[in-house]
Amino acid sequence: MKVAIPVFPGSNCDEDLYHALWDILQITADLLPVTVTNLSQYDAVILPGGFSYGDYLRSGAIARFTPIMAAVKDFASTGKPVVGICNGFQILTEAGLLPGALRANQSSRFICQNSELQVTNNQTIFSTAYQPQEHIKLPIAHGEGNYYCDLTTLAELRAQKQIVFEYVDNPNGSVGNIAGIVNRRGNVLGMMPHPERAVEVLLGGTDGLGVFTSLLANNQREDVHA
Amino acid sequence: MYLAKVYVTYKNSILDPKGEAINDALHRLAYQNVESVTLGKYFELKVKAGQQPIADQVDEMCDRLLANVNMESYRYEITELED
Amino acid sequence: MYLAKVYVTYKNSILDPKGEAINDALHRLAYQNVESVTLGKYFELKVKAGQQPIADQVDEMCDRLLANVNMESYRYEITELED
Amino acid sequence: MLKNTQLTPEALRDTQAYRELGLSADEYHLITDQVLKRLPNYTEIGLFSGMWSEHCSYKNSKPVLKKFWTEGEQVLAGPGEGAGIIDIGDGQAVVFKAESHNHPSAVEPYEGAATGVGGIIRDIFSMGAKPVALLDSLRFGEPQDTQTTYLISQVVAGIGGYGNCIGIPTIGGDMAFDACYQKNPLVNAMCVGLLEHQDMQKGQATGVGNAIIYVGAKTGRDGINGASFASAEFNDAKATQRSAVQVGDPFMEKLLMDACLEVIHDHRDILVGIQDMGAAGLVSSSAEMASKAGSGMKLNLDLVPQREKEMTAFELMLSESQERMLLCVKDGAEKEVHAVFKKYGLDSVVIGEVTPGHQYQLFHHGVLEADVPVDALATQAPVYQREARRPQRLDEQVQTQFEPELANVSATLKQLLQQPTIASKRSLFETYDSQVQTNTVVQPGSDAGVIRIRQTDKALAMTTDVNGRYLYLNPRMGGEMAVAEAARNIVASGGQPLGITDCLNFGNPEKPEQFYDLDEAAQGISRACQRLNTPVISGNVSLNNESNGEAIYPTPMIGMVGLIKHLRDVTTQDFKQASDAVYVLGTTAADFNGSELQKMLTGQVSGELFDFDLTAEAENQRILLQAIQAGLVASAHDVSEGGLITTIAESCFGRGIGVNLTSQLPAVQFFAETQSRFVVSVSMANKDAFEALIKNQGTYLGMTTATDQIWVQTADQFFDVPVSEAKELWEGALPCLLKQRA
Ligand SMILES: Nc1ncnc2c1ncn2[C@@H]1O[C@H](COP(=O)(O)OP(=O)(O)O)[C@@H](O)[C@H]1O
Ligand SMILES: [Mg+2]
């Protein structure tokens with residue numbers, strides 16, 4: 001599997017992700033500037049966390065207009081997997097690849113802590129490595145992670161089993177305790193918690209590995225790209 | 001040259017945590033008669049006349065970039081500036 | 001009940017990195033005719049009549065909390081609301 | 001100000017307008033009679049005012065700083081460069097420095113704190129190092145009135161706002177509250193970087209004809225003459241201080257940092273020198289680069305990227321706009337540098353060149369605006385040996401120890417745990433991203449923050465500490481204690497202390513009593529540094545921390561970094577499991593003067609400071625480190641504010657583990673703040689080996705338990721507190737005071 005990591009000006013978790021993929025999971029990955037317009041040689045795209053363009057307007061709002069995001073849209077439309085972590089999730093909602101939006105945390109403060117999650121749907125290509133309803137711990141670090149969508153959308157997310165991760169103790173006010181969702185087709189995941197920060201015992205836990213190992217396992221399955 | 005003043009606020013149904021925090025702070029400062037506070041964004045854009053009508057263009061900029069219409073609404077006023 | 005609309009913007013020589021980032025973004029979106037963007041704050045306060053004249057009170061709130069007069073200036077408009 | 005710029009040299013002399021810029025009449029005459037032998041124009045006098053300010057020249061503190069112990073074979077660069085450098089083996093080095101942003105933060109707390117962080121980061125990457133961690137040391141008034149709580153939340157938000165955005169983890173710091181900081185909050189930031197020896201940079205401009213390149217943000221009128229502002233005493237008349245407010249742009253700084261590090265790594269052969277533009281902006285960076293290299297320099301100010309129209313030479317040279325750097329690049333290689341910065345979307349412009357001789361020449365609109373000897377600016381500021389006079393407060397204080405009487409020990413403990421200085425800071429440091437870069441082994445909440453060094457088995461431990469109350473009672477001994485406490489935090493985390501940086505936060509040095517405090521504290525610091533083998537490698541001086549004539553406690557913040565040789569040695573303060581043996585290393589006495597307990601019970605600190613023995617300190621540290629390295633220690637936590645019982649309680653809180661302890665001490669001594677102690681837990685398997693190692697330097701207290709209780713049988717009474725209840729009080733106190741919403 002070969003992963004593309006778009007690096008937006010202001011991204012700051014790109015190298016963390018790169019290390020997690022290469023050093024811990026031995027997955028091939030490339031850091032790509034926003035000028036890249038062709039992603040056809042990749043099997044997956046993961047948008048990293050950080051503060052693209054400073055997040056000076058709304059998080060993710062400016063990054064969405066970069067050339068590489070047009071390529072990511074095309075890539076997603078072919079059914080290949082796209083993941084957005086933290087700022088990556090924010091960019092995916094701004095770009096319309098995922099429903100809803102991310103507002104300032106309820107406390108209106110940035111929060112960095114370990115948060116307990118429930119794997120609500122372990123049947124997505126990003127979560128098969130987890131047990132049904134498994135409780136895992138992943139770090140969160142965001143100021144605008146308060147997921148918002150209207151009630152109709154929430155009902156739809158639930159009906160279509162698009163909610164992948166839910167917070168156990170909602171730390172930011174997210175609607176429906178939502179920490180991570182997929183699109184209807186199931187090939188685009190956005191999540192506020194940082195799986196790439198939870199891949200080593202030394203740094204406090206390995207519960208994040210599942211996101212990447214799921215991706216890896218399902219990449220080898222022929223049927224997912226069908 | 002035009003001056004566009006753009007106001008972006010959360011839609012009504014959406015909770016505004018920053019506004020509430022400011023509301024609380026005002027109460028602590030003994031402004032008990034403040035009932036509610038909402039916090040929005042206020043842009044001032046200086047725009048040169050282009051091919052498109054200026055209002056259309058500002059509207060488009062709001063829609064595409066300055067506001068996230070999933071949760072925010074916007075309004076604007078345009079005045080012409082002396083050069 | 002009164003509605004106070006408060007506009008807080010940076011004073012002239014203060015750097016506005018957010019405004020500049022948005023300006024750049026608009027240029028990349030091909031709105032080349034945008035000359036400058038500044039980003040400020042826009043508050044809407046609902047305030048009940050108190051002992052102090054309402055304008056004095058709003059002015060005081062701006063001065064003490066809503067703006068930092070060392071780098072920001074503010075202006076406001078007050079309208080009376082039907083209860 | 002604009003009006004003044006039209007002053008002729010003669011009018012400048014006659015009106016003494018130079019005083020407004022912070023130059024004394026004597027300094028002015030030194031310039032006219034000895035340095036220039038003519039009357040300077042307004043721009044030139046501006047250059048001197050910036051460069052001869054305390055902030056740039058250390059004219060008041062130099063004689064004090066000279067007393068610092070700065071040696072040690074591991075030191076690769078000591079004070080003098082942008083930041084100090086210490087060798088850590090394997091061709092690597094650690095770079096660190098601290099910076100104060102007290103005055104700007106008092107005027108505009110969010111941006112003041114944020115730009116403080118931004119500034120110290122530039123100091124680190126300008127040395128060629130990759131910034132890997134931030135720390136912050138904060139002092140505020142009592143968090144009781146809205147103004148103070150607002151200040152606290154804004155300062156913390158500003159620190160987080162910058163560090164989080166740029167992507168450098170904030171992994172430690174310290175925070176204390178006393179009324180003396182009410183109008184003079186202290187906001188000190190420290191940055192730590194990792195350096196490959198081959199990347200080491202100097203801020204120098206050598207080689208006639210080499211290009212001087214300006215990179216980063218455009219210059220505006222922000223912070224003009226901030227250096228002399230920062231060096232002036234504070235009063236309530238705010239209007240004059242407005243020009244000092246700057247807004248930080250962490251997004252720009254991230255691009256700038258990445259671009260500069262790329263030039264340093266990949267274009268080594270063409271880069272001659274690099275320096276950040278900090279205090280006194282363009283003049284200080286350029287004049288220092290030239291002077292250090294023994295060169296002259298000529299700049300064309302028309303080429304300086306400008307954010308505002310019609311800026312004068314004075315304004316361009318003294319602006320403290322943030323996020324700017326100055327490079328000296330080999331003649332002919334300018335394009336190569338421009339290409340790198342262009343990739344990041346940044347301005348990079350040749351604004352001048354290195355010249356033969358030693359003159360510093362500025363051209364603006366085709367006019368030679370300034371022509372002065374560069375060394376006069378950079379190195380020839382007058383140095384003042386200020387008068388020191390022992391303050392009365394030290395002679396008037398009682399010589400006996402405060403003797404607290406406790407009616408109810410567990411109630412006292414609960415109350416103590418809620419004192420703002422003791423209470424958990426989690427709700428505040430939780431707003432800092434402490435994990436970005438994925439190297440953080442120990443996050444805030446233990447004695448020191450720990451960062452691993454990739455591709456090695458090593459890690460760095462870091463901390464900031466100082467207890468201003470101790471210095472208020474005895475500046476020299478308090479200075480020693482500050483260093484000792486920092487070292488204890490490093491050792492308790494499994495590290496060997498390497499060296500320190502400092503921020504000397506003091507009052508007005510022209511007052512002999514304040515200067516005495518500064519001088520004494522520096523001597524104490526130096527002595528402890530020598531004894532603990534932690535040279536001073538960098539630092540910063542912030543004087544005039546007074547408002548309306550009232551000075552803060554003498555508060556020399558100590559930032560220390562240590563090396564953990566093997567990752568297995570990383571130790572935290574939490575008790576790990578039930579049935580471990582608990583010890584206190586070091587001896588306990590009835591030391592209450594200056595203690596948190598004294599302040600809580602009497603509302604103030606007073607009396608002569610208790611004894612402190614640096615030899616015992618060093619010995620206890622040595623033994624603990626040896627025990628950790630031998631793999632005998634499950635947890636270690638140094639004893640500081642709040643004494644033994646506070647330390648024990650904090651060790652219980654991490655994992656909700658109880659203790660059952662018995663001691664020969666009277667209950668009240670569990671609150672004493674005797675120095676040089678650690679609380680250590682050891683598994684049963686290691687008990688004998690640990691006791692053999694510590695001999696009689698420590699005392700067995702009892703065991704950790706699986707209950708939710710802290711049980712203590714003292715010489716005179718038994719007391720107990722539920723761990724969960726105590727923890728809730730300790731964690732809830734600050735959010736409640738600061739009225740934070742969940
Ligand atoms: N301003 C701050 N920023 C980051 N971390 C902080 C801050 N203040 C306190 N902490 C963290 O809280 C913990 C306790 O701090 P402190 O009581 O000062 O410890 P100690 O007494 O061991 O020096 C430490 O891990 C410290 O890093
Ligand atoms: Mg400690």
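Below, all heavy atoms of this structure are taken into account, side chains as well, without hydrogens, waters or symmetry copies. Numbers restart at 1 for each chain; the letters A, B, ... are given by sequence-line order, proteins then strands. As the structure is a prediction and not an experimental result, all values here were calculated from the model.
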[X] versus chain D, the contacting section by heavy-atom distance below 4.5 Å:
X	result
Glu200(A)	side chain
Tyr53(A)	both
Asp23(A)	side chain
Thr35(A)	neither

Fill in: Selection from Val570(D), Thr440(D), Val436(D), Asn439(D) maximising heavy-atom pairs under 4.5 Å formed with chain A
Val436(D)

Worksheet item: So which of Ala157(D), Gly167(D), Gly345(D), Gly160(D) has the biggest tally of heavy-atom pairs under 4.5 Å with chain A?
Response: Gly167(D)

Item to complete: Count the heavy atoms belonging to other residues, nucleotides or ligands that lie under 6.0 Å from CD of Gln455(D), then report whether that count exceeds 12.
Response: no

Worksheet, complete the sentence: On a heavy-atom basis, the closest approach of Gly495(D) and Ile564(D) is CA-CG1, 3.6 Å

Worksheet item: Contact part of Arg452(D) toward chain A, heavy-atom cut-off under 4.5 Å: side chain, backbone, both or neither?
Response: side chain

Response to the item:
Bottom line for Ile166(D): the part with an atom under 4.5 Å from chain A's heavy atoms is backbone

Item to complete: Kindly indicate whether the side chain of Ser115(A), heavy atoms from C-beta on, has any atom under 4.5 Å from the side chain of Tyr167(A).
Response: yes

Fill in: Contact check, side chains of Glu144(A) and Arg103(A), non-hydrogen atoms, under 4.5 Å
no

Discussion item. Only pairs of heavy atoms separated by less than 4.5 Å count here; which of Asp55(A), Ile111(A), Leu202(A) has the most with chain D?
Written reply: Leu202(A)

Worksheet item: How are the rings of Tyr147(A) and Phe89(A) set relative to one another: parallel (under 30°), tilted (30 to 60°) or perpendicular (over 60°)?
Response: parallel

Discussion item. Assess whether a salt bridge exists between Arg58(A) and Glu94(A), defined as any Lys/Arg side-chain N lying under 4.0 Å from an Asp/Glu carboxylate O.
Written reply: yes

